[in-house]
Chemist: 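Take a look at this one; I'll ask things after.
Basis for what follows: all heavy atoms, side chains included, without hydrogens, waters or symmetry-related copies. Each chain gets a letter, A, B and so on, in the order its sequence line appears, and its residues count up from 1.
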Number of protein chains: 2
Amino acid sequence: MTKPRSRRGGGRPTIADVARKAGVGAITVSRALREPGRVSEDLRRQIQAAVDELGYVPDPNARALASARAEVFGVLVPSLTNNVFAEVVRGIYDSLSDSPFRIQIGNTHYSGLEEERLLQVFGSQRPAALIVAGIDQTPRARRLLENAGCPVVQVMETGPDPVDMMVGFSHLDGGRTATEHLLQAGYRRIGFIGARMDPRSQRRLAGYRAAMEAAGLFDPRLITTTPVPSSVTLGRELFRDALAKMPTLDGVFCNNDDIALGVLFECHRASIDVPKQIGIVGFNDLDMMHVSFPSITSVRTHRYEIGTRAVAMALAAIAGNPPEQRIVDLGFELMRRESTAR
Amino acid sequence: MTKPRSRRGGGRPTIADVARKAGVGAITVSRALREPGRVSEDLRRQIQAAVDELGYVPDPNARALASARAEVFGVLVPSLTNNVFAEVVRGIYDSLSDSPFRIQIGNTHYSGLEEERLLQVFGSQRPAALIVAGIDQTPRARRLLENAGCPVVQVMETGPDPVDMMVGFSHLDGGRTATEHLLQAGYRRIGFIGARMDPRSQRRLAGYRAAMEAAGLFDPRLITTTPVPSSVTLGRELFRDALAKMPTLDGVFCNNDDIALGVLFECHRASIDVPKQIGIVGFNDLDMMHVSFPSITSVRTHRYEIGTRAVAMALAAIAGNPPEQRIVDLGFELMRRESTAR
DNA sequence: CAGACAAATGGTAGCGCTACCATGCAAGGG
DNA sequence: CCCTTGCATGGTAGCGCTACCATTTGTCTG
């Protein structure tokens with residue numbers, strides 16, 4: 001009674017096994033699984049029973065090969081540990097968990113070259129959609145995206161020239177808003193502290209600069225940055241540097257919340273009063289910002305929603321209903337807290 | 001001169017195109033790409049030239065179908081945003097970035113049922129290896145792992161009964177060590193504060209309990225837990241609860257560093273002296289623990305290494321050299337800091 | 001120098017699935 | 001009553017690649 005199993009297949013049931021058991025053609029099984037509406041209810045039930053009994057699970061590789069389309073979302077992010085991208089990715093996962101789509105994440109390590117390489121690898125799989133972080137692709141990466149033959153969503157930022165679709169917000173506006181808030185609170189010698197300085201950080205810095213120049217208070221010596229990856233420890237160190245360089249500093253707009261937390265800890269340690277002597281503003285508004293003592297003002301960004309929205313737009317496009325609005329600005333929200341309440 | 005392209009294929013070059021251009025058989029191209037040693041240098045060069053000129057990238061789906069083995073590592077973690085797993089995943093990505101293997105991550109949301117579902121999905125792809133977090137699989141999940149037909153590495157914890165291989169450490173010992181440290185520092189009414197309370201948290205709690213019982217100081221009222229996901233905010237709230245319940249509390253061992261940070265902030269806010277009035281120990285030793293004021297004692301765990309080691313073991317097994325040591329205990333390290341220095 | 005053997009290359013036949021094109025049949029139109 | 005139309009189902013032919021089994025050539029052994 002042993003079936004003449006081929007040399008290779010590990011012996012798991014195939015669509016032909018299901019078809020035989022259900023007494024129908026293989027193609028009908030295929031249809032029953034993918035477009036139930038096109039198969040009569042009778043057969044559908046029979047087929048489902050056979051599927052259950054055999055424990056049949058379609059082979060996605062065979063499926064992808066035959067249909068020239070893999071049920072995969074390719075996702076490219078520059079970092080896996082940075083909470084910001086982790087939240088976006090979580091949104092993507094949650095939105096796709098009930099769909100047949102798998103997710104393939106690529107970590108570009110903030111490198112354009114690596115991004116190109118991964119896009120080429122992803123492209124070879126004919127993904128159903130691509131979601132990439134950022135809008136500063138290299139020309140070659142951009143070309144790969146344009147020729148991917150599937151919906152593409154650029155996330156995290158908005159800009160004038162989407163490859164296909166975009167979901168994000170203006171980091172420049174975020175930086176400006178944060179800085180203007182410090183100015184309105186009466187701070188004058190406001191520093192900018194930034195790590196990593198990827199394109200988004202650069203634009204936050206540009207927003208800071210715009211606000212400071214508008215107030216006639218800009219001074220390049222107020223800026224302290226490093227290409228080193230961001231961390232709480234680094235925030236502390238950069239703040240010390242900034243203070244050494246510019247002892248009259250009375251406020252800081254931080255690249256992100258890790259840095260801001262590092263600044264706060266250093267203030268504790270050096271007995272610098274926050275917000276009296278120094279005002280602090282962070283970026284992203286992680287959970288800890290509103291719990292810290294004092295709580296830290298931060299620019300809340302909608303990271304999880306960026307992920308869910310990107311998926312929704314891609315799914316719509318796959319279904320043939322590309323959204324009318326190709327650029328979605330989810331905005332941000334300034335969360336005023338104790339660290340700037342003087 | 002237009003090639004008679006099939007109705008489906010998007011027109012990208014196939015192995016046959018490369019073979020034609022290089023003037024060799026398709027199978028030789030296949031070999032040149034996978035086992036260069038088995039093809040003469042002459043042909044290898046010719047083939048490489050054709051590959052470069054055409055921009056040929058092998059179709060992983062066709063490859064997987066033909067070889068009954070996908071070059072994919074399946075990775076199952078309970079959370080994507082929890083820094084602990086993000087670090088493990090980062091280790092996995094970094095270790096595989098130069099290999100032909102792709103990575104497919106599944107998020108189980110701490111659910112055994114979801115883990116089963118994902119294992120079934122992953123299994124249908126015939127992955128090259130599976131890496132799963134934890135050792136408490138459901139019987140069905142365990143069976144799926146055993147029948148996966150590929151190396152399996154359970155990570156984060158060690159235990160007596162691996163499905164195949166294991167890399168991690170003893171959370172029980174970690175909890176005990178942390179608690180013993182508090183005891184040695186002279187704290188007596190030591191509380192346990194824990195969120196989520198997944199199996200690993202449970203074992204840390206068991207370690208705490210063992211240490212307290214050994215010291216004759218155990219009291220169930222010292223334990224404050226919740227199934228709610230961990231956060232800094234939650235740490236603050238749980239600490240307040242704990243203190244309300246047991247005002248004589250003089251130390252806390254926290255489930256993880258987020259909780260510990262929340263405790264520290266609440267101490268600041270309530271003017272409770274750390275370490276004089278309250279000693280605090282965290283778990284995992286995130287970056288911020290040594291920067292905070294005061295710095296927080298924590299149990300450092302080797303999360304990134306767990307990821308890299310798991311990959312190394314799986315790769316060895318794939319290559320036919322399963323490691324002799326199937327259970328690898330990477331241990332942990334108690335980082336003594338100001339929060340327990342009284 | 002025949003025979004054995006290894007190394008390099010190629011042909012063929014699938015892997016498991018779906019696109020495409022029948023086929024059969026009931027319902028509706030002239 | 002024939003012809004169209006549409007629906008449900010099935011057969012066939014690949015998708016692009018690799019496992020398996022030749023075949024060819026060169027090298028070594030006795």
Chemist: Is the shortest side-chain heavy-atom distance between B:Arg117 and B:Leu113 below 4.5 Å?
Modeler: no
Chemist: For DNA chain D, which residues of residues 24-39 of chain A approach it to below 4.0 angstrom with any heavy atom?
Modeler: A:Val24, A:Gly25, A:Ile27, A:Thr28, A:Arg31, A:Arg38, A:Val39
Chemist: Please report the distance, rounded to the nearest Å, between CZ in A:Arg20 and C1' in D:dG10.
Modeler: 16 Å
Chemist: By nearest atom, which of the nucleotides C:dT9, C:dG16, D:dC17 is closest to the A:Asp59 side chain?
Modeler: C:dG16
Chemist: Contact between A:Val29 and A:Val24 at the side-chain level, heavy atoms closer than 4.5 Å - yes or no?
Modeler: yes
Chemist: Nearest whole Å is fine: how far is C:dC15 P from A:Arg63 CZ?
Modeler: 18 Å
Chemist: Have B:Ser30 and B:Arg34 got a donor and an acceptor in their side chains that come within less than 3.5 Å?
Modeler: yes
Chemist: Might you list the N or O atoms of the protein lying below 3.5 Å from N or O atoms in nucleotides 22-27 of chain D, with each pair's distance?
Modeler:
none

Chemist: Whole-Å distance between D:dT9 C1' and A:Gln46 CD?
Modeler: 13 Å
Chemist: Rounded to whole angstroms, how far apart are CZ on B:Arg126 and P on C:dC17?
Modeler: 9 Å
Chemist: Any heavy-atom pair between the side chains of B:Val153 and B:Arg309 that's under 4.5 Å?
Modeler: no
Chemist: Under a 3.5 Å threshold, yes or no: a donor from one side chain and an acceptor from the other, between A:Gln46 and A:Asp42?
Modeler: no
Chemist: Please name all residues satisfying side-chain contact (heavy atoms from CB on, under 4.5 Å) with A:Thr308, sequence neighbours left out, ordered by chain then number.
Modeler: A:Ser95, A:Tyr304, A:Glu305
Chemist: Round to the nearest Å and state the distance from A:Leu65 atom CG to D:dT18 atom P.
Modeler: 12 Å
Chemist: Any luck finding a side-chain donor-acceptor pair between B:Asn83 and B:Glu87 under 3.5 Å?
Modeler: no
Chemist: Which heavy atom of B:Leu130 sits nearest a heavy atom of B:Phe122, and at what distance?
Modeler: CD2-CD2, 3.9 Å
Chemist: Which residues pass the ring-ring contact (aromatic ring centres under 6.0 Å, His included) test with A:Phe101, not counting sequence neighbours?
Modeler: A:Phe73
Chemist: Within this structure, what is the CG-to-P distance between B:Asn61 and C:dC15, rounded to whole angstrom?
Modeler: 18 Å
Chemist: Please report, rounded to the nearest Å, how far the P atom of C:dG14 is from the CD1 atom of A:Ile15.
Modeler: 19 Å
Chemist: Grab the CZ-C1' distance between A:Arg69 and D:dG16 for me, whole Å please.
Modeler: 16 Å
Chemist: Heavy atoms, side chains only, cut-off 4.5 Å: are B:Leu330 and B:Val167 in contact?
Modeler: yes
Chemist: To 10°, what angle do the rotation axes through the five end pairs on each side of the helix from C:dC1-D:dG30 to C:dG30-D:dC1 form?
Modeler: 40°
Chemist: Please confirm whether the shortest side-chain N or O distance from B:Ser40 to OP1 or OP2 of C:dT9 is below 4.0 Å.
Modeler: yes
Chemist: Considering residues at least two apart in sequence or located in another chain, which fulfil the ring-ring contact (aromatic ring centres under 6.0 Å, His included) criterion with B:Tyr93?
Modeler: none
